[in-house]
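Here the structure is a predicted model, which means the values were calculated and not measured. Numbering starts at 1 and runs along the sequence shown.
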Amino acid sequence: MITKIEQLLAEVENLHADNAEALEALRIKYLSKKGAINELMADFRNVPAEQKKEVGMKLNQLKTKAQDRINELKEAFANQDTGSNELDLTRTAYPIGVGTRHPLSIVKNEIVDIFARLGFSLAEGPEVEDDWHVFSSMNFAEDHPARDMQDTFFIEAHPDIILRTHTSSVQSRVMEVSQPPIRIICPGRVYRNEAISYRAHCFFHQVEALYVDKNVSFTDLKQVLLLFAKEMFGNDTKIRLRPSYFPFTEPSAEMDISCNICGGKGCAFCKHTGWVEILGCGMVDPNVLEANGIDSKIYSGYALGMGIERITNLKYQVKDLRMFSENDVRFLKEFEAAN
Ligand code: DAH
């Protein structure tokens, strides 16, 4: 009996199977009820008492070895590729999860495209700026409240270096190195020292437009504004200009559009006025032209600036500004169709 067990032990150590069926055949041969090992177990009662201990141990050893080896082979099959002859070429491909463009990028591209069609070219400037480009060159008085620490992020070691609070700084960046005609559209991120809530954030996005040439008038500005509003919000959109104040434009205005949610009838979004404000604009102040090396006696210009979040809210009714920076995939996926 011992010889028989040892022979089987040597066999199971070298078990080999090419496929799952062959493995199952081996399992039946050694481990099933009528398999070789069980047959030996049945014979165990005929073993003389003084040999029972040794034979019993060997038998158990054989059984575990056989089980281990068969499990080992089984695992090897499970981890194996199914092999090219089993490849199902008719099966649909695994879906590839492509990302979607961020809603702010979608709207930014749309704004830039509209102005590009009107002959404006793209310009960009740094987010970490100096006081000159953000404030002084844009005609902000020394004691203007926007320069206050409460509104502006300063770099501690360099009080002159700040995070830009508006994209108007790009106007200065472009004017200081070029002469009219200048016709630029400048999208970018801006920073303000605001407490974060559903309606304010410490960073947001703006688009600035600047046009400087001979004989540029307020009429040109109005026409471009009307065209922009219709392209962005639909042909029925009306615009309204209200006098306002900005240090870098004179005269200045704020533009409202007829509320695109209720069509101007009045709703909660437009606070029942039928109008919503979307941008600031005006004729470039001659001081700004001069500070940036452009002769204000020869040239004039207009400028406008808008918040991309605001325009996106109007187009897609996103009620909480924080959604734009949380990157919740469920929120971002909602803009798949607009991509
Ligand atoms: N810079 C202004 C802001 O951040 C927006 C603005 C208003 C830009 C009027 C302009 C403009 O170019 O003419 O609120």
Side-chain angles (χ1 to χ4, degrees), residues 1-106 108-109 127 189 196-198 201-203 312 316 318-339:
M1 181 127 178
I2 297 266
T3 348
K4 180 92 190 145
I5 296 177
E6 260 157 14
Q7 189 194 329
L8 282 176
L9 254 176
E11 255 179 67
V12 298
E13 255 167 26
N14 296 310
L15 281 189
H16 180 79
D18 283 330
N19 52 43
E21 285 111 70
L23 179 63
E24 178 61 7
L26 289 178
R27 192 193 63 80
I28 293 169
K29 181 172 173 199
Y30 293 99
L31 290 172
S32 69
K33 250 189 194 150
K34 291 190 178 150
I37 295 174
N38 257 358
E39 254 169 39
L40 284 179
M41 293 273 189
D43 270 353
F44 186 67
R45 63 186 134 88
N46 304 325
V47 174
E50 69 277 8
Q51 282 181 22
K52 268 202 157 64
K53 192 172 166 203
E54 192 194 352
V55 175
M57 267 168 54
K58 281 244 181 269
L59 255 180
N60 280 336
Q61 202 188 346
L62 171 65
K63 196 169 176 185
T64 7
K65 263 257 158 69
Q67 253 157 5
D68 286 354
R69 181 65 193 147
I70 283 184
N71 285 343
E72 217 175 277
L73 289 171
K74 210 186 251 174
E75 256 169 52
F77 279 133
N79 294 335
Q80 224 173 49
D81 258 335
T82 34
S84 61
N85 52 346
E86 288 178 40
L87 195 64
D88 179 1
L89 294 174
T90 62
R91 204 182 61 189
T92 39
Y94 288 117
I96 300 168
V98 284
T100 56
R101 223 177 278 284
H102 193 281
L104 293 177
S105 299
I106 297 173
K108 175 196 77 180
N109 290 343
E127 291 176 19
R189 183 175 286 173
I196 297 170
S197 74
Y198 76 96
H201 213 294
C202 58
F203 67 82
T312 311
Y316 298 109
V318 179
K319 298 218 172 63
D320 189 336
L321 259 185
R322 291 169 292 196
M323 304 282 279
F324 290 127
S325 46
E326 277 166 2
N327 282 336
D328 184 329
V329 175
R330 290 166 300 181
F331 168 71
L332 298 176
K333 280 266 176 202
E334 287 187 36
F335 298 88
E336 225 163 13
N339 266 261

(Q) Show the nearest heavy-atom pair for residues Ser197 and Arg322, with the distance to one decimal. (A) O-CG, 3.6 Å

Q | Distance (rounded to the nearest 0.5 Å) between Lys58 NZ and Ile2 CD1 | A | 6.5 Å

Q. So do Lys4 and Glu39 actually touch side chain to side chain, heavy atoms under 4.5 Å?
A. no

Q.
Is there a side-chain contact between Ser32 and Asn38 in this structure, where contact means two heavy atoms from C-beta onward sitting under 4.5 Å apart?
A. no

Q) Got a sec: does the OH of Tyr198 have more than 12 other heavy atoms crowding it under 6.0 Å? A) no

Q) Should Leu8 and Tyr30 count as side-chain neighbours, where that means a heavy-atom distance under 4.5 Å? A) yes

Q.
Counting C-beta onward and ignoring hydrogens, is there a side-chain heavy-atom pair between Leu15 and Glu11 closer than 4.5 Å?
A. no

**Q.** Any donor-acceptor pair under 3.5 Å from His102 side chain to Phe324 backbone
**A.** yes

Q | Nearest non-hydrogen partners of Asn19 and Ala22, listed with the distance | A | OD1-N, 2.8 Å

(Q) Just so I know, are the side chains of Met1 and Gln51 near enough to count as touching, which here means a heavy-atom distance under 4.5 Å? (A) no

Q: Quick one: pull up CD in Glu24 and NZ in Lys74 and give me the separation to the nearest 0.5 Å.
A: 7.5 Å

Q. When rounded to the nearest 0.5 angstrom, what distance separates CD1 in Ile70 from CG in Leu23?
A. 6.0 Å

**Q.** By side-chain contact (heavy atoms from CB on, under 4.5 Å) - contacts of Asn71 (at least two apart)
**A.** none

Q) In Å and rounded to the nearest 0.5 Å, what is the OG1 to CG distance from Thr312 to Leu104? A) 5.0 Å

Q | Ring geometry between Phe335 and Phe331 (parallel below 30°, tilted from 30 to 60°, perpendicular above 60°) | A | perpendicular

Q: Drop me the distance from Lys333's NZ to Asp328's CG, to the nearest 0.5 angstrom.
A: 12.0 Å

**Q.** With Glu13 via salt bridge (Lys or Arg N to Asp or Glu O under 4.0 Å) - residues at least two apart
**A.** Lys65

Q | Glu336 versus Thr100, closest heavy-atom pair with distance | A | CG-CG2, 3.3 Å

Q | Least distance between heavy atoms, Leu73 atom then Ala17 atom | A | CD1-N, 4.3 Å

